[in-house]
**Student:** 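Pasting a structure here, questions to come.
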Protein chains: 2
Amino acid sequence: MNKPATIKDIAKTLKISTSTVSRALRNAHDVNPKTRNAVLALSEELSYQPSRLALSLQQKQTHTIGVIVPNLDYVMATMVRGIDEVALEAGYTVMVCQSNESFGREMVNTRRLLDSLVDGFIVSVSSETKVFDHFKKIQQKKMPMVVFDRVSSDLVAPKVKLDNVEGGYLATEHLIEQGYKNIAILAGPKNLAISNDRLEGYLKALKKFKVKPNAELILHCSFNQQDAYETTIELLKRKKHPDAIFTISDRMAIGAMLAIKEKGLRMPADIGLVGFNNEPITSLLSPSISSVDQPAFELGKTAAKLFIEQMHHEEDLSNIERVLKPKLAVRESSQRRKNKFSSAG
Amino acid sequence: MNKPATIKDIAKTLKISTSTVSRALRNAHDVNPKTRNAVLALSEELSYQPSRLALSLQQKQTHTIGVIVPNLDYVMATMVRGIDEVALEAGYTVMVCQSNESFGREMVNTRRLLDSLVDGFIVSVSSETKVFDHFKKIQQKKMPMVVFDRVSSDLVAPKVKLDNVEGGYLATEHLIEQGYKNIAILAGPKNLAISNDRLEGYLKALKKFKVKPNAELILHCSFNQQDAYETTIELLKRKKHPDAIFTISDRMAIGAMLAIKEKGLRMPADIGLVGFNNEPITSLLSPSISSVDQPAFELGKTAAKLFIEQMHHEEDLSNIERVLKPKLAVRESSQRRKNKFSSAG
DNA sequence: TTGTATGCGTTATCAA
DNA sequence: TTGATAACGCATACAA
């Protein structure tokens, strides 16, 4: 009772061969009903569980997906839940590893999972990552790999991502429509596509509305709140400071907000603010922060579906790129057209 | 080059036996340096990686820890990072599964990981869980299992948790010291020990300060914000409503805050509020919310250390209970003694 | 110092 | 319908 029961134990007890037991367990057609029932009964009694290890070794698949994410913040955790949902249903188990935005950690994790532990990967690259050899090794092994959310053009693989250009566009368009003239953008790390895409959307909106872009209003900083805070403080020290800021994450928006409040400026009257991710916190702050909403759960599900698809069919899907659309959640921090009197409060 | 290289490939190429290769790879003492070098060189060239699957099957250990958590909110994600940190260093890989506070999901996840995939578990029970058979099955298999954060007295296992009684005490003591007289508590689901412990701390503080507990001020509701909001609305409808609320999570505190604001009451002047978890958001809200801080990262690390300890030594640690101490982060929502004039603002 | 044989738990192939 | 055997990739007891 102590050691887990194996097929051998059943065979020995029933005085039949292991192959027969194996067949009976898997409901093969060519097995005597009497034998099968005996096997089923005994395996029930011993609470037999097939060893996934032995199966994996034999079939050369583990039915496990390695998921590598830079962190587990609100949005990522939601995406992972989406992945989990689909994977579980398809009979896969998920191994989630956080790289903590560290390139080294990302490599270690990948390598570890690569040692015949997983059938493939669903990854989102860390903000430090500039070299993709560890991911390319996955592909050399002909393992399926789907890249999601933080994708990179240096990686040829099926991808699922948000339409970040559209996200940047929506935010900027909205600010312009609200009458803001000097709109700054706090973009993220330069090596990340999401930074550049959201920046591109920003530029696209300016162009559409014939606003001349100003290089001094385009700032790069890391995703963390403190960095955004400091950058905004510097920004507001300028003689002619911007009258609106678009940050490409909500964390950054919060940093910016703290700086704005410190300077005694009011939102949306003196300065407009739009973030990105639509974290629950944005609706709770005062003023509430407008933010670009992304369908995180759906995005995770899509990534997992794409993975399964790639797993089952042999076709090359590496040029597929599923792009989900963002929406803009307009809140107090940027809305001054419909309630101009708000500045009186 | 396509299929991963095995020990056999090396043996064949070098015309030696697999056992020699195996020995050479593991730096055994009784192997000819010349042979070893040849093996090492070739394995390097073929970028040989031992199969963890085969190893696991043979040695009956996977060097993988199954981590089951109810969710991946801020605190949990931090704890998981702590677990990850220690596990990685000890040569273990972590499989994180979210139960989404669902009993069924928790069972499925446990069962899946149990099929010879992991060496043991580090778990935190879902709020729905009232029966622990699935966890007891782990113990029947003599697998190490550490319970953390959400522990249950129905489970005999090494445990790591916060001193929740102390947390409840700190919050309540603080409110009393600030002059609040009718302090309500929004406790969580009744079946969770953390609910009861924090409630116990609340009662302990009342007793210490000779305040008579009032059953009408003790309310149970789920952890989610909406529920806390509705409960608070009801609470404030009473003729003689409480002048302070202690919620056992920050999510609940936010729900309560929304209700308080809706009623037009001011914090801390009209009503005091203290939450639990010290999520970053608490310092950003207006007013900022006082909250009980728990050393989440440390707690995760401790759980993993305990797991490793249990793994390595054969001693029975099932009566061990590591208890970490909380601190109180005092913020605007409850502090009225040191700045009474704040009610004028 | 090296090789042979065996086992880990399972399935597949082939023969009976 | 069933059984013997080999194989998956590795480690190890034992023999050479």
**Student:** Among residues 110-119 of chain B, which ones have heavy-atom contacts with DNA chain D below 4.0 Å?
**Tutor:** none

**Student:** When you measure from the side chain of B/Val31, which nucleotide among C/dT2, D/dA11, D/dG3 comes out closest?
**Tutor:** C/dT2

**Student:** Looking at D/dG9, I'd like to know if its phosphate oxygens (OP1 or OP2) sit under 4.0 Å from a side-chain N or O belonging to A/Lys60.
**Tutor:** yes

**Student:** Could you report the tightest heavy-atom contact between A/Asn109 and B/Leu88, atom names first, then the distance?
**Tutor:** OD1-CD1, 4.3 Å

**Student:** At 4.0 Å (heavy atoms only), tell me whether A/Asp30 reaches a base, stays on the sugar-phosphate, or touches nothing.
**Tutor:** base

**Student:** Strictly distance-based, threshold 3.5 Å: is any side-chain N or O of B/Asn191 a donor or acceptor partner for the main-chain N or O of B/Thr129?
**Tutor:** yes

**Student:** Does B/Thr35 place a side-chain N or O at less than 4.0 Å from the phosphate oxygens OP1/OP2 of C/dT2?
**Tutor:** yes

**Student:** Counting the atoms with a prime plus P, OP1 and OP2 as sugar-phosphate, which does B/Ile16 contact under 4.0 Å by heavy atoms, base, sugar-phosphate, or nothing?
**Tutor:** sugar-phosphate

**Student:** How many Å lie between CG on A/Leu55 and P on C/dG9, as a whole number?
**Tutor:** 12 Å

**Student:** Where do A/Leu162 and A/Val323 come nearest, in terms of heavy atoms and distance?
**Tutor:** C-CG1, 4.1 Å

**Student:** On DNA chain C, does the nearest nucleotide to A/Tyr48 precede the nearest nucleotide to B/Pro33 from the 5' side, or the other way round? Give the residue.
**Tutor:** B/Pro33

**Student:** What pair of heavy atoms forms the shortest contact from B/Arg52 to B/Thr62, and how long is it?
**Tutor:** NH2-O, 3.1 Å

**Student:** State whether B/Lys301 and B/Glu85 are salt-bridged, where the test is any N-O pair (Lys NZ or Arg NE/NH1/NH2 against Asp/Glu carboxylate O) under 4.0 Å.
**Tutor:** no

**Student:** In terms of the angle between their ring planes, are A/Tyr92 and A/His312 parallel, tilted or perpendicular, with boundaries placed at 30° and 60°?
**Tutor:** tilted

**Student:** Quick one: B/Gln61 CD to D/dC10 P, roughly how many Å, whole number?
**Tutor:** 17 Å

**Student:** Rounding to an integer number of Å, can you tell me how far A/Lys12 NZ sits from C/dT10 P?
**Tutor:** 13 Å

**Student:** Polar atoms only, N or O, under 3.5 Å: list the protein pairs with nucleotides 12-16 of chain D and their distances.
**Tutor:**
unit_1	atom_1	unit_2	atom_2	d
D/dT12	OP2	B/Arg26	NH1	3.1

**Student:** Can we say B/Glu101 and B/Arg150 salt-bridge, meaning some charged N sits less than 4.0 Å from an Asp/Glu carboxylate O?
**Tutor:** yes

**Student:** Give the rounded distance in Å between these two atoms: CZ of B/Arg52 and P of D/dA11.
**Tutor:** 14 Å

**Student:** Reading DNA chain C from 5' onward, which residue's closest nucleotide shows up sooner: A/Ile7 or B/Arg36?
**Tutor:** B/Arg36

**Student:** For D/dC8, does either OP1 or OP2 sit under 4.0 Å from a side-chain N or O belonging to B/Lys8?
**Tutor:** yes

**Student:** Would you check if A/Phe148 and A/Val69 make a side-chain contact, meaning some heavy-atom pair closer than 4.5 Å?
**Tutor:** yes

**Student:** May I have the step-by-step check of side-chain contact (heavy atoms from CB on, under 4.5 Å) for A/Val80 and B/Gln98, ending in yes or no?
**Tutor:** CA-CA 9 Å; A/Val80 170; B/Gln98 306 181 59; 3.9 Å; yes

**Student:** What is the separation between atom CG on B/Leu57 and atom P on D/dC10, rounded to the nearest whole Å?
**Tutor:** 12 Å

**Student:** Please report the distance, rounded to the nearest Å, between CG in A/Leu25 and C1' in C/dT11.
**Tutor:** 12 Å

**Student:** Would you please confirm or rule out a distance under 4.0 Å between OP1 or OP2 of C/dG3 and any side-chain N or O of B/Ser17?
**Tutor:** yes

**Student:** Could you grab the distance from atom CD1 of B/Ile68 to atom CD of B/Glu106, nearest 0.5 Å is fine?
**Tutor:** 6.5 Å

